[in-house]
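Read the structure below first, then the notes.
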Amino acid sequence: MPLAVVESPRLYRQIADQLRHLIDQHEFPVGSRLPPERELAEKLGVSRPSVREALIALEVEGRVRIRMGSGVYIVDPAQAAAHAAGAGFPVEGPFEVLAARRLVEGAVAADAAGQATPAQLAGLAGILDQMEQPGLPAEQLIALDRAFHVEIAAMLGNTVLVRCVGELFDQRMSPYFRQLAQYFENEESWRSAAREHRAIHAALAQGDRDAARATMCAHLQASQERFSQSFGDTDLKRAGERQRRPRPIK
């Protein structure tokens, strides 16, 4: 008998499963507002970013609707069913992906600082010049953002690393990540990212391994924090909180 490896569900999936069960049991009627993120996190014994990932997953499924500055509301079951057929959990949540990128791309940037050629640095600067043009649509900004990160990996001449960095970046192309970006990406967030990119480029141009690693890690940490903003309640916490197995909501 063929057996599959049994894996523990990701934390945000466990949270989403609990909330979905409570919705199905009519603990939260259609049109009602879920408790604030902070309250959910306290009752579950998890971090607020983990709750936020679960809420985004439920919105992609069509089970809830997020209204920025107001809260998270239960959607009519018929509308939810229309979404459910095409919806599914990604393997990893966005904060897990960003944490992995910070580790991998920090190391890549450090090595690239000692190997980047003048031509490669000029190409990287050209990508940044394009990103800083006003009025670019989100799709073009994302494509240029990807090109920036992949180009740094290409400086090492290792196709495996190029593919790894590209595939990690491409996780943001999922409906789940796009839904998250819809709330937290804007002109100001892209301007911040551009400044962080310039700092990375400067460290690479100086051949400073430590600075290249630090600026890349700072950029990806800042990206994680930009996606960790609240949907409406206060007392924002950093996305780096230690995650624990959620407790049942009582």
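In this chain, residues are counted from 1 in sequence order. Worth knowing before you read on, the calculation uses all heavy atoms, side chains too, and leaves out hydrogens, waters and symmetry mates.
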TODO: Using atom types as modelled and distance alone, determine if a side-chain donor or acceptor of Ser70 lies under 3.5 Å from a backbone N or O of Arg67.
DONE: no
Open item on the list: Assess whether a salt bridge exists between Arg163 and Asp170, defined as any Lys/Arg side-chain N lying under 4.0 Å from an Asp/Glu carboxylate O.
Closed with: no
Open item on the list: Contact between Asp24 and Arg63 at the side-chain level, heavy atoms closer than 4.5 Å - yes or no?
Closed with: yes
Open item on the list: Between Met216 and Arg102, does the side-chain contact (heavy atoms from CB on, under 4.5 Å) criterion hold? Intermediate values first, please.
Closed with: CA-CA 7 Å; Met216 178 63 79; Arg102 190 164 64 247; over 6 Å; no
- [ ] On the 0 to 90° scale, with breaks at 30° and 60°, tag the His149-His197 ring pair as parallel, tilted or perpendicular.
- [x] perpendicular
Task: Salt bridge present between Arg195 and Glu188 (N-O < 4.0 angstrom) - done: yes
Open item on the list: Using side chain to side chain donor-acceptor pair (under 3.5 Å), reason through Glu225 and Gln221 one step at a time and then give a plain yes or no.
Closed with: CA-CA 6 Å; Glu225 290 173 357; Gln221 179 62 37; 3.2 Å; yes
Open item on the list: Could you report the tightest heavy-atom contact between Met131 and Leu136, atom names first, then the distance?
Closed with: O-CD1, 4.0 Å
TODO: Indicate yes or no: does Glu61 engage Arg20 in a salt bridge with an N to O separation below 4.0 Å.
DONE: yes
- [ ] Could you please spell out the steps behind the side-chain contact (heavy atoms from CB on, under 4.5 Å) verdict for Arg172 and Asp145?
- [x] CA-CA 11 Å; Arg172 68 169 293 156; Asp145 191 9; 4.2 Å; yes
TODO: Please round to the nearest 0.5 Å and tell me the distance separating atom CG of Leu141 and atom CD of Gln133.
DONE: 10.0 Å
TODO: Check the pair Leu98 / Arg226 against side-chain contact (heavy atoms from CB on, under 4.5 Å), numbers first and verdict last.
DONE: CA-CA 11 Å; Leu98 286 167; Arg226 282 190 283 271; over 6 Å; no
TODO: Work out which heavy atom in Ala100 is nearest to a heavy atom in Leu168; give both atom names and the distance.
DONE: CB-CD2, 4.4 Å
Open item on the list: Check Glu132 with Arg198, please: is the shortest side-chain N to carboxylate O separation under 4.0 Å?
Closed with: yes
TODO: Flag the pair Leu22 / Gln25 as yes when at least one side-chain heavy-atom distance between them is below 4.5 Å, and no otherwise.
DONE: no
Open item on the list: I need the Glu196 CD to Cys217 SG distance, nearest 0.5 Å.
Closed with: 12.5 Å
Open item on the list: Going by side-chain hydrogen bond (donor to acceptor under 3.5 Å, both in side chains), name the pairs with one or both residues in residues 204-216, residues two or more places apart or in two chains.
Closed with: Asp111-Arg209
TODO: For Met155 and Gln115, run side-chain contact (heavy atoms from CB on, under 4.5 Å): C-alpha distance rounded to whole Å, both residues' side-chain angles, the deciding distance at 0.1 Å, then the answer.
DONE: CA-CA 7 Å; Met155 293 175 177; Gln115 300 184 38; 5.5 Å; no
Task: Which atom of Gln224 lies closest to which atom of Ala99, heavy atoms considered - done: OE1-N, 4.0 Å
Open item on the list: Quick check: do Val165 and Ile152 have side-chain heavy atoms less than 4.5 Å from each other?
Closed with: no
Task: Connected via hydrophobic side-chain network under 4.5 Å: Tyr73 and Leu58 - done: no
Open item on the list: In the structure I gave you, are the side-chain heavy atoms of Ile56 and Glu59 within less than 4.5 Å of one another anywhere?
Closed with: yes
Task: Minimum-distance pair of heavy atoms, taken over all atoms of Leu156 and Ala112 - done: CD2-N, 3.5 Å
Task: Phe169: partners by ring-ring contact (aromatic ring centres under 6.0 Å, His included), with sequence neighbours left out - done: none
Open item on the list: Can you tell me how far apart CG (Leu19) and CG (Leu40) are? Round to the nearest 0.5 Å.
Closed with: 6.0 Å
TODO: State, to 0.1 Å, how close Ala113 and Ala212 come at their nearest heavy-atom pair, and which atoms those are.
DONE: CB-CB, 3.9 Å
Task: Salt-bridge present (Arg38, Glu42; N to O < 4.0 Å) - done: no
TODO: Say whether Ser50 and Ser47, considering side chains only, have a donor N or O and an acceptor N or O under 3.5 Å apart.
DONE: yes
Open item on the list: If I compare all heavy atoms of Val160 with all of Asn158, which pair ends up nearest, and what's the gap?
Closed with: N-OD1, 2.9 Å
- [ ] For the residue pair Pro49 and Tyr12, establish whether any side-chain heavy-atom pair is separated by less than 4.5 Å.
- [x] no
Open item on the list: Contact between Val30 and Val75 at the side-chain level, heavy atoms closer than 4.5 Å - yes or no?
Closed with: no
- [ ] Find out whether Ile200 and Leu124 are in side-chain contact, i.e. whether some heavy atom of one side chain is under 4.5 Å from a heavy atom of the other.
- [x] no
- [ ] With rounding to the nearest 0.5 Å, note down the distance linking NE2 in His201 to CD1 in Ile127.
- [x] 9.5 Å
TODO: Please tell me if the side chains of Leu55 and Leu34 come closer than 4.5 Å, counting only heavy atoms from C-beta onward.
DONE: yes
Open item on the list: Starting from Leu121, can I reach Phe148 by hopping between I/L/V/M/F/W/Y residues whose side chains sit under 4.5 Å apart?
Closed with: yes
